[in-house]
Amino acid sequence: DTGVSQNPRHKITKRGQNVTFRCDPISEHNRLYWYRQTLGQGPEFLTYFQNEAQLEKSRLLSDRFSAERPKGSFSTLEIQRTEQGDSAMYLCASSSSSGQSYEQYFGPGTRLTVT
Amino acid sequence: AQTVTQSQPEMSVQEAETVTLSCTYDTSESDYYLFWYKQPPSRQMILVIRQEAYKQQNATENRFSVNFQKAAKSFSLKISDSQLGDAAMYFCAYSSPQGGSEKLVFGKGTKLTVNP
């Protein structure tokens with residue numbers, strides 16, 4: 001397994017446009033997380049999936065944000081009508097709920113710049 | 001809500017020497033995990049070391065060890081024999097199985113510089 005992958009790695013968009021990011025977790029991991037990291041800060045939790053079910057969403061996730069995980073495999077995070085404040089690194093992580101595996105493995109992130 | 005505080009925005013160490021990064025946390029839960037993650041410049045975050053709250057013994061991983069003081073809610077990371085490759089942002093993080101998601105709560109990070 002090659003680990004968690006994210007695409008694209010970088011995205012530059014104009015304010016008001018929609019963007020979509022993709023995360024492919026480690027294949028046997030049933031849990032998937034999205035975090036947002038702004039410059040000089042630690043990552044902040046956005047949302048969590050167990051299999052295909054979205055079980056928790058942060059208050060940071062405004063109505064312009066939506067995430068899906070069809071069939072419990074890859075996940076997408078869409079931001080509609082982007083704002084300059086959405087500029088950040090978007091990180092995806094996955095883990096397994098079996099046994100005592102609670103470690104989250106992170107992808108390289110998608111850096112979003114809204115101009 | 002749980003919070004994680006890293007009071008040292010930046011630290012530096014000479015190669016081959018030892019450095020300790022500080023972390024405190026606040027929680028009312030009894031069952032939780034603590035982690036140190038390393039984020040090198042422009043590279044992805046990787047787990048350095050983890051500690052289960054119910055374990056009294058401090059975790060160690062090669063040159064990395066922690067000092068877990070549960071009563072004081074303190075979780076520091078000691079890096080021995082520092083190497084140039086240790087230079088990175090280090091994040092302390094907390095998670096708890098209560099609530100189901102085990103989402104990570106991160107501190108703001110400490111930037112570690114290793115001087116040759």
Side-chain angles (χ1 to χ4, degrees), chain A residues 2-7 9-10 23-26 29-51 53-61 67 69 88-111, chain B residues 1-10 21-25 29 31-55 59 61 75 77 88-112:
Chain A
T2 56
V4 179
S5 62
Q6 293 186 246
N7 288 288
R9 295 290 306 276
H10 303 273
C23 171
D24 288 89
I26 293 172
H29 285 179
N30 60 336
R31 294 180 163 187
L32 188 146
Y33 303 80
W34 285 98
Y35 294 88
R36 182 170 68 188
Q37 185 178 22
T38 54
L39 201 61
Q41 302 294 319
E44 293 176 293
F45 170 76
L46 291 179
T47 191
Y48 158 68
F49 290 85
Q50 179 150 329
N51 301 310
Q54 187 175 19
L55 298 183
E56 188 172 345
K57 292 195 293 186
S58 164
R59 284 176 290 180
L60 292 175
L61 214 65
R69 193 183 182 196
M89 177 76 85
Y90 290 84
L91 298 170
C92 176
S94 70
S95 70
S96 172
S97 61
S98 64
Q100 288 191 323
S101 298
Y102 41 78
E103 298 175 23
Q104 293 184 27
Y105 295 82
F106 282 81
T110 295
R111 182 169 295 283
Chain B
Q2 293 78 29
T3 58
V4 176
T5 303
Q6 293 180 250
S7 58
Q8 306 153 317
E10 297 187 24
L21 308 184
S22 301
C23 173
T24 58
Y25 60 95
E29 295 167 348
D31 187 16
Y32 54 88
Y33 316 119
L34 296 164
F35 307 86
W36 279 98
Y37 278 87
K38 171 185 178 181
Q39 189 177 40
S42 302
R43 293 181 61 188
Q44 66 198 79
M45 195 164 310
I46 57 174
L47 180 65
V48 175
I49 198 165
R50 70 176 187 273
Q51 174 82 42
E52 294 90 337
Y54 66 85
K55 289 186 177 178
E61 288 286 342
F75 182 62
L77 174 69
M89 284 292 293
Y90 285 81
F91 292 97
C92 179
Y94 165 103
S95 76
S96 172
Q98 298 178 25
S101 72
E102 297 185 8
K103 63 179 180 281
L104 291 166
V105 177
F106 286 89
K108 290 188 175 183
T110 297
K111 181 180 181 181
L112 179 65

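All values derive from a computational prediction rather than experimental measurement. In what follows, every chain begins at residue 1, and chains take the letters A, B, ... in the order their sequences are listed.
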Worksheet item: Do you know which of B:Met89, B:Gln39, B:Lys111 has the most heavy-atom pairs under 4.5 Å to chain A?
Response: B:Gln39
Looking only at heavy atoms, what is the nearest atom pair of [X] and [Y], with distance?
| X | Y | value |
| --- | --- | --- |
| B:Gln44 | A:Gly107 | CB-O, 3.5 Å |
| A:Gln41 | B:Lys108 | OE1-CE, 3.4 Å |
| A:Phe45 | B:Lys103 | CD2-CD, 3.2 Å |
| A:Gln37 | B:Phe91 | NE2-CZ, 3.4 Å |

Worksheet item: Is there a side-chain contact between B:Ser95 and A:Gln104, using heavy atoms and a 4.5 Å cut-off?
Response: no
Worksheet entry | Side chain / backbone / both / neither for A:Gln6 at chain B, heavy atoms under 4.5 Å | neither
Discussion item. Heavy-atom cut-off 4.5 Å, strictly under: side chain, backbone, both or neither for A:Phe49 against chain B?
Written reply: neither
Practice prompt. Begin with the C-alpha distance, continue with both residues' side-chain angles, and end with the deciding distance and a verdict on side chain to side chain contact (heavy atoms under 4.5 Å, CB included) for A:Glu103 and B:Tyr33.
Written response: CA-CA 10 Å; A:Glu103 298 175 23; B:Tyr33 316 119; over 6 Å; no
Worksheet item: Measuring heavy-atom distances to chain A, does B:Leu104 have an atom under 4.5 Å in its side chain, in its backbone, in both, or in neither?
Response: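 Both parts, backbone and side chain.
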Fill in: Region of B:Gln6 in contact with chain A, defined by heavy-atom distances below 4.5 Å
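Neither the backbone nor the side chain of B:Gln6 comes within 4.5 Å of chain A.
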Worksheet item: For the candidates A:Pro108, A:Gly42, A:Pro43, which exhibits the highest count of non-hydrogen atom pairs separated by less than 4.5 Å from chain B?
Response: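 Most heavy-atom pairs under 4.5 Å with chain B: A:Pro43.
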Worksheet item: Of all residues at least two apart in sequence or in a different chain, which pass the side-chain contact (heavy atoms from CB on, under 4.5 Å) check with A:Arg111?
Response: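 If we apply the side-chain contact (heavy atoms from CB on, under 4.5 Å) test to A:Arg111, skipping adjacent residues, the hits are A:His10, A:Met89.
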